[in-house]
Every structure is written in C-alpha cells, then in structure tokens.
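Chain naming here is simple, since letters A, B, ... match the order of the sequence lines and numbering starts at 1 in each.
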There are 2 protein chains.
Amino acid sequence: MPSQRALTFNPGTFLKKIGKCSTSRGYRNKELIFAQGEAADAMFYVEAGNVKLTVLSKHGKKAVIAIFRQGDFFGEGCLGAPSLRMSTATAVRPSTIVRVEKIAIISIIHDDPLFARLFIAHLISRVTRTEEDLLDQLLNSSEKRLARTLLLLAGFGTQSKPHPAALKVSQGTLAEMVGTTRSRVSFFMNRFRKMGLIDYNGSLHVHWAVLNFFLHK
Amino acid sequence: MPSQRALTFNPGTFLKKIGKCSTSRGYRNKELIFAQGEAADAMFYVEAGNVKLTVLSKHGKKAVIAIFRQGDFFGEGCLGAPSLRMSTATAVRPSTIVRVEKIAIISIIHDDPLFARLFIAHLISRVTRTEEDLLDQLLNSSEKRLARTLLLLAGFGTQSKPHPAALKVSQGTLAEMVGTTRSRVSFFMNRFRKMGLIDYNGSLHVHWAVLNFFLHK
DNA sequence: GGGAAACGGTGCAATATTGAACAGAAAACG
DNA sequence: CGTTTTCTGTTCAATATTGCACCGTTTCCC
C-alpha cells in the first residue's frame, strides 16, 4: 500500500539524494538570488535565513508572492516548459541557500519513482497554498487578509510550533503581501494592537489564538 | 538530452496509459462532480463540455476558481497528502468527464519516469497559472481583472486558436471569478461594449486584439 | 558620530467598491 | 404555451480603499 505511506516531502532526504549536484552559498541581506525575466535553470532550498519572492508589474506596482523560511524550496518553475523567472527572489536577511541544477532534479525524478511521487505531493501542496491565497483575495477584506498574513508569518499552521516572533517584516512589505497600501496596514496594525490581537514595540508578537479567533468570526 | 524534449502534457497519451483504470461518464448541466469537503480520491479529465470549480466561504460568499474545458484535468489535489476537496466541481453544460482513480495515477508515476516528468511539468504550469491569478488580484483593479477574465475565457493565450465565443458565462459567474459584485460586472460590460472591446446581444463576442490592448495600457 | 535612508503614525480628499433593491427581458421547464 | 426562474440594466447610499502628504523616530552605513 504505497499510497498510505507518509507523503511529507522531506528536504533532508531530498538533499542527500542530490548530493554533489547542489551548491550551497551565503547571501547578504537584500542580495539578489534570481531576477524576474532571467532564464530559469535551477531550483533553490533555504538552508538558513529568509527569502522574499516579489513581482514588479508593468506599471511599477510591486507585489510579494511569498516569503520562504528554513526548509522551504522555491524556484520550481524551472521544471516546467523552458521559461523565464516570473518573479525576483531576494534574501531578506543573511541567508544560506542551496542551489540545485534543473538537470539534477530531472535525473532523480527519472531514476527514483518514490522521489517523483514525493515531489508531486510537494507541488500539490504548493498549488493548494497558492489557491488559498487566491481565495483569500477573492473572499476577504484587506483587514482579514492582513490578519491571515500575520498568522501565517507567525508560523500558524506549520507543524507544531506556532513560531515565537521570527520574521521582521516592514509594513510596506506587509502591504505588498496583502495587496493594499502601507497607510492601510498601519491603520489596521494599530487597530489589532488596541484589540489585543498583537503586540509590538520594536518586535512583533502575534497572539495567534486570539488573532485566529478574530479571523474566523 | 531528455530535458530538451517537448514538455507539453499530452492528455491523449496519458489517457491511453490509464486505459482500463478510468471510467467515462456523462453529466447533465449543473450536475455535481465532486463537492467541497468530500474525500479526494480521484482525478478528472474533461472529454467534452465545461466544468466550474467553486468555493463557498464560511460566510456564504462564493468564488469561482476556474472553468475547465475540453482537454483539461482537474481534481489533482488527490495526489497530495490524503485530504478533502477544497472546492466543488460542477458541470456547466452537458459534459463527458473521465474519472481516474488516484491509485492508477500513482502506479503510472511509479512505473513510467517519463510520465512522472510530464505530470510534474503539468503541475508546474498549474502553479504558474494560479500565481498569475493571484498576481492579477494583487495588482489590478476589478475592471482590468474582468478584462483579463474575458480574454482568458475567449481562449486567448491557449495555443493558436483565439476561440470564437465558446463559453456562456453569466455576469453573476463573472463576478465570482473576478472577485467583485454582479452590478459592477454589468457596469463594466456595458462600458466595454461602448468602447468596442466586446459585442454581445445574446451571445458574447470578445474582440481580443483590442481588449488585449486595453488590458496592457 | 552623523547623515541618509527606511520606517511608522496620521490625516484627508478623490475614487472605487459594496450590497441591496427593483423592473423588464430572456431562458428554462413542465 | 404559460409560468417560473434566471439574467440583465440600473439606481443609490454606505463603506472601503487609494494615493498622497507630512513628520518624528529608528535604523543603517560610512
């Protein structure tokens, strides 16, 4: 019953398989990893630090698609039809990133059926996550979206650890994630604080239980 | 150089491989294919007709995630960790739908590396498409989003055939796709008509070249 | 240390969007 | 064929959102 086996995509196992076909490298804060428009020829893995994926529209408006943390993969787009990067990846703090050549992954997919299956499960979870983001946009007001973004940043929903504080994300970035303006984010953040959903004097602390209640009622 | 081979996911080839593990069936207009909350244990393929994927939020608001047409797959979610359907699939006209059991796909993935690779490419393209939808929400006004939705419905961007008219989609459905209200859709549709971007008396005709120009300027 | 840059709080007028209502036209159905 | 449902055009007041501006504070970098 192979279908009953655990389907969690284990980055450790994966990286072991990749072995010599990957290269690890440090990035400074704000350093570019890849840029929108470049050819996509490799995938990446966050060994330490954080990475921001942004898109710049024709009209100069910016949006943040995702923020990755330790253990996340990004840049999977290279495995589809040959294409260009849709987004720009930037380190948002000193980070260690593993680069895996497209050709290496393809060959593992070819040689290891179990890996292929896990990788597919991984992609499905990415589709699911992206669809949730889309639905959030379609269904909720910017206030709710901000609340959800804060919860996710606090690590809510990720395994067992409702992350302490972790990410330092500016209100500007929050605005680009939520799809609104910075002044609006500032307004809501203060409201959340008054309502006791979050604390912040310098660093942010999310009261996830209360905030989660707020989000769903 | 296997990576240079065409990566287009060919449904025909795929279905041939599936062979006896799939069942084809007709659906009446508005008939349910699967419902939000059910266990996800199969994937589907549109042999003829159209299928609408909808989500109902806790607060009774509805959103349309996608409309599938001949040759499209949907319900891939079953290949991830065992989970429930996030959305409801409904036929939006008399349709013929092929159902492929999860176990069948998994076994093909296991036995046929080339198929696994193609399937991964297919998933990547779905991620890409979903991210584009998300970006559209983050960056554009509802008027632009409606314009884009109309273009996509008209088959713009799909291979070589800027589809003639095809889908009959009500303004209500358009609103749920775009993420706005029906009255707003009605307003914009009339504006588009006055601007010569579309025609419609009974059936809709999209002047894709002009509409596309409008969308990008 | 000190200047520059980024960040956060706030106000505000111009727009965009919602949500609900009503009526006529078209389409589906028995 | 009539009736019931769905679809469309339209209105309108209440809200939500934008885009900008200004200013004090913090952070970063030389």
Under 3.5 Å: donor-acceptor pair, side chain of S186(B), backbone of R182(B): no
In whole angstrom, give the distance that lies between atom CZ of R145(A) and atom C1' of dT17(C). 13 Å
From CD of Q137(B) over to C1' of dT17(D), roughly how many Å is that when rounded to an integer? 15 Å
Check DNA chain D against residues 182-192 of chain B and give the residues with a non-hydrogen atom under 4.0 Å, in numerical order. R182(B), S183(B), S186(B), N190(B)
Could you tell me how far apart L204(A) (CG) and dT26(D) (P) are, to the nearest whole angstrom? 17 Å
Distance check needed: dT17(D) P versus L139(B) CG, whole Å only. 17 Å
When you look at R93(A) and E31(A), which way does the salt bridge (charged side-chain N to carboxylate O under 4.0 Å, His left out) test go after all the steps? CA-CA 9 Å; R93(A) 67 165 66 179; E31(A) 193 172 351; over 6 Å; no
Is the phosphate of dT17(D) approached by S142(A) (side-chain N or O, under 4.0 Å from OP1 or OP2)? yes
May I ask you to establish whether K144(B) and F214(B) are in a cation-pi arrangement, using a distance under 6.0 Å from NZ or CZ to the six-membered ring centre and at most 45° from the ring axis? yes
Starting at CG of L138(B) and ending at C1' of dT18(D), how long is that distance when rounded to a whole Å? 15 Å
Under 4.0 Å between a side-chain N/O of Y200(B) and OP1 or OP2 of dG9(D), yes or no? yes
Rounded distance (Å) that lies between atom C1' of dT6(D) and atom CD of Q171(B): 12 Å
Going through the checks in order, is the salt bridge (charged side-chain N to carboxylate O under 4.0 Å, His left out) test met by R145(B) and D133(B)? CA-CA 9 Å; R145(B) 299 203 306 268; D133(B) 288 350; over 6 Å; no
Expressed in angstrom and rounded to an integer, what is the separation of L174(B) atom CG from dC7(D) atom P? 11 Å
Protein-nucleic acid N or O pairs under 3.5 Å, nucleotides 3-6 of chain C:
none

Below 4.0 Å: OP1/OP2 of dG9(D) and any side-chain N or O of R193(B): yes
Determine whether the aromatic ring centres of residues Y45(A) and F74(A) are separated by less than 6.0 angstrom. no
Between C1' on dT18(D) and CD on E143(B), what's the gap in Å once rounded to a whole number? 16 Å
Establish, yes or no, whether a centroid distance under 6.0 Å links the rings of H122(A) and F73(A). yes
Output for pair (S87(B) OG, E38(B) CD), nearest 0.5 Å, gives 10.5 Å
Return the nearest nucleotide to the side chain of K61(A); candidates are dG9(D), dG8(C), dG19(D). dG19(D)
Quick one: CD1 on I106(A) to CD on E101(A), what's the gap to the nearest 0.5 Å? 11.0 Å
Report the residue (V169(A) or G179(B)) whose heavy-atom-nearest nucleotide on DNA chain C is the more 5′ of the two. V169(A)
Could you walk me through whether L138(A) and V178(B) satisfy the side chain to side chain contact (heavy atoms under 4.5 Å, CB included) test, starting with their C-alpha distance in whole Å, then the side-chain angles of each, then the deciding distance to 0.1 Å, before giving a yes or no? CA-CA 8 Å; L138(A) 289 172; V178(B) 167; over 6 Å; no
